[in-house]
Asks: 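What follows is a structure written as structure tokens; I'll ask about it next.
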Amino acid sequence: MSAAKDMADGAPMLLREDGADGVCVLTLNRPAARNSLSLQMLETMENALAAIGEDGRVRCVVLAAAGPVYCAGHDLKEITAHRADADGGRGFYDRAMETCARVMQAIVALPQPVVAAVQGVATAAGCQLVATCDLAVASDHARFATPGVDIGLFCSTPAVALARAVPRKAAMEMLLTGEMIDATEAQRIGLVNRVAPAGQVMEVALGLARGIAARSALTVRMGKRAFYRQVDLPLAEAYREAACVMTDNLMARDAAEGIGAFVGKRKPVWEDR
């Protein structure tokens, strides 16, 4: 469990629970503040992700949230308070945005896949968080938006993740109108993978995570890293990159075991090497 506390009530703002199945559940725990991403929350997440990345026992991560709102984005009360700074808040805003960018990149770079379990509304940087995760399961009551345009603050950083998760015109419509979309539409455009009945989001997300955790950790880690390295490369470069990874993967003990198990019609025994 994270030691960082929410200044409002002294409760841990980020909870960590590790299962024997290799699935780690991280829970945003600022429900009274709509799980907004204060600077302290972002720093706590960054530290937690760094620790998980070094933990060989963790094979998959579920990113959940407490309360009816998944994440309302940046903490606007905190942002407003820093307008009183001598520089008008610029120094704080730079720090907050840079930290947020590091957190999002840390999720992508994390060796383990990350599954968002979205039980409620995810807006602005909260929507960015969902778009950044490798996979996402949403409640049929969940809704998504990048509504910064409504308050004179275009969601430029959420746009980075959104534009990489959904078709360009779908991303631009969300960014330019600020309108909410429901879980069905979010699934249609590719922002989420699965929609679950209300109350069953964690069950579905954990099922997905456990299925991933049951695979060779070496194979999954190699595959996630290779996916993000090749996805923005020109076609020929992407194939060269992927071909090298395939060769390295074929040389791994788990590939020999998996292929042998398939041919021999038996269950593989992974060694993660």
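FYI, the numbering just counts along the sequence from 1. Hydrogens, waters and symmetry mates play no part in the numbers below; they use all other heavy atoms, side chains included. Just so it is clear, the structure is predicted and the values come from calculations on it, not from any experiment.
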Asks: For Thr157 and Cys100, run side-chain contact (heavy atoms from CB on, under 4.5 Å): C-alpha distance rounded to whole Å, both residues' side-chain angles, the deciding distance at 0.1 Å, then the answer.
Replies: CA-CA 9 Å; Thr157 47; Cys100 185; 5.7 Å; no

Asks: Considering residues, nucleotides and ligands other than Arg266, do more than 12 of their heavy atoms fall under 6.0 Å from its CZ?
Replies: yes

Asks: Using a strict cut-off of less than 4.0 Å between a Lys/Arg side-chain nitrogen and an Asp/Glu carboxylate oxygen, indicate whether Arg188 and Glu185 qualify as a salt bridge.
Replies: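 Salt bridge: yes.
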
Asks: Does the side chain of Tyr93 pick up a donor-acceptor pair with the side chain of Asp85 at under 3.5 Å?
Replies: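 No - no donor-acceptor pair under 3.5 Å links their side chains.
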
Asks: Is there a donor-acceptor pair closer than 3.5 Å between any side-chain N or O of Trp270 and the backbone N or O of Leu218?
Replies: no

Asks: Does Arg143 come within less than 4.0 Å of Asp182, counting only side-chain N to carboxylate O?
Replies: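 Asp182 and Arg143: not salt-bridged.
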
Asks: If the threshold is 4.0 Å, N to carboxylate O, is there a salt bridge linking Asp75 and Arg30?
Replies: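 Salt bridge present between Asp75 and Arg30.
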
Asks: Quick check on the hydrophobic clustering: are Val115 and Val108 connected, directly or via other members, by side-chain heavy-atom contacts under 4.5 Å?
Replies: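 Each belongs to a different hydrophobic cluster.
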
Asks: Between Val118 and Ser139, does the side-chain contact (heavy atoms from CB on, under 4.5 Å) criterion hold? Intermediate values first, please.
Replies: CA-CA 6 Å; Val118 188; Ser139 161; over 6 Å; no

Asks: Can you name the one residue among Arg253, Arg57, Arg59 that meets salt bridge (Lys or Arg N to Asp or Glu O under 4.0 Å) with Asp272?
Replies: Arg59

Asks: side-chain contact (heavy atoms from CB on, under 4.5 Å) for Val204 and Val195? Distances and angles first, verdict last.
Replies: CA-CA 9 Å; Val204 174; Val195 177; over 6 Å; no

Asks: Say whether, by atom type as modelled, one donor and one acceptor occur between the side chain of Arg215 and the main chain of Gly211 under 3.5 angstrom.
Replies: yes

Asks: Using links of under 4.5 Å between side-chain heavy atoms of ILVMFWY residues, direct or through other members, which residues join Met251 in one cluster?
Replies: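 None, because no other hydrophobic side chain comes under 4.5 Å of this residue.
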
Asks: Output yes when a side-chain donor or acceptor of Asn29 lies under 3.5 Å from a complementary backbone atom of Leu15, and no otherwise.
Replies: no

Asks: Has the side chain of Ser36 got a donor or acceptor atom that lies under 3.5 Å from a matching backbone atom of Ser38?
Replies: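 No; judged by distance alone, with no hydrogens or angles, the pair does not exist.
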
Asks: I would like to know whether Ile107 and Leu129 meet side-chain contact (heavy atoms from CB on, under 4.5 Å); could you show each step before the answer?
Replies: CA-CA 9 Å; Ile107 291 172; Leu129 192 59; 3.6 Å; yes

Asks: Strictly distance-based, threshold 3.5 Å: is any side-chain N or O of Gln119 a donor or acceptor partner for the main-chain N or O of Gly67?
Replies: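 Present.
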
Asks: Is a salt bridge present between Arg16 and Asp55, judged by a nitrogen-to-oxygen distance below 4.0 Å?
Replies: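 Salt bridge flag = yes for Asp55 with Arg16.
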
Asks: Looking at Ala136, is its backbone amide N or carbonyl O close enough to the side chain of Asn193 to form a donor-acceptor pair, meaning the two atoms are under 3.5 Å apart?
Replies: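 Judged by distance alone, yes, a pair lies under 3.5 Å.
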
Asks: For the pair Glu257 and Arg273, find out whether any cationic side-chain nitrogen is under 4.0 Å from an anionic carboxylate oxygen.
Replies: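 Result for this pair is no, no salt bridge flagged.
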
Asks: Is it the case that atom CZ in Arg221 sees more than 12 heavy atoms from other parts of the structure closer than 6.0 Å?
Replies: yes

Asks: Are the side chain of Gln112 and the backbone N or O of Ile52 linked by a donor-acceptor pair below 3.5 Å?
Replies: yes

Asks: Between Met104, Met45, Glu46, which is the residue that forms a side-chain contact (heavy atoms from CB on, under 4.5 Å) with Thr99?
Replies: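 Exactly one option meets the side-chain contact (heavy atoms from CB on, under 4.5 Å) with Thr99, and it is Glu46.
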
Asks: Identify the heavy atoms of Ala145 and Met180 that sit nearest to each other, and give their distance.
Replies: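 So the two residues come closest at CB-SD, 3.7 Å.
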
Asks: Test: ring-ring contact (aromatic ring centres under 6.0 Å, His included). Region: residues 43-91. Which pairs qualify, not counting sequence neighbours?
Replies: His82-Phe92

Asks: So does Leu39 get a backbone contact from the side chain of Glu78, meaning a donor-acceptor N/O pair under 3.5 Å?
Replies: yes

Asks: Quick check against the 3.5 Å criterion: does Gln187 have a side-chain atom that pairs as donor or acceptor with the backbone of Ala183?
Replies: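 Flag not set: sc Gln187 to bb Ala183 has no pair under 3.5 Å.
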
Asks: Kindly check if the number of other-residue, nucleotide or ligand heavy atoms within 6.0 Å of CZ (Phe154) is above 12?
Replies: yes

Asks: Heavy-atom count around Gln230 CD within 6.0 Å, excluding the residue itself: above 12?
Replies: yes

Asks: Does Cys24 offer a backbone N or O that forms a donor-acceptor pair with the side chain of Asp18 under 3.5 Å?
Replies: no

Asks: Would you please test Glu43 and Arg102 for salt bridge (Lys or Arg N to Asp or Glu O under 4.0 Å) and show each step?
Replies: CA-CA 9 Å; Glu43 290 173 341; Arg102 289 199 307 271; 6.0 Å; no

Asks: Treat each ILVMFWY residue as a node, draw an edge where side-chain heavy atoms are under 4.5 Å apart, and state whether Ile212 and Val58 are in one component.
Replies: no

Asks: Can Lys224 and Asp134 be counted as an ion pair, charged N to O under 4.0 angstrom?
Replies: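 Yes, charged N to carboxylate O under 4.0 Å.
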
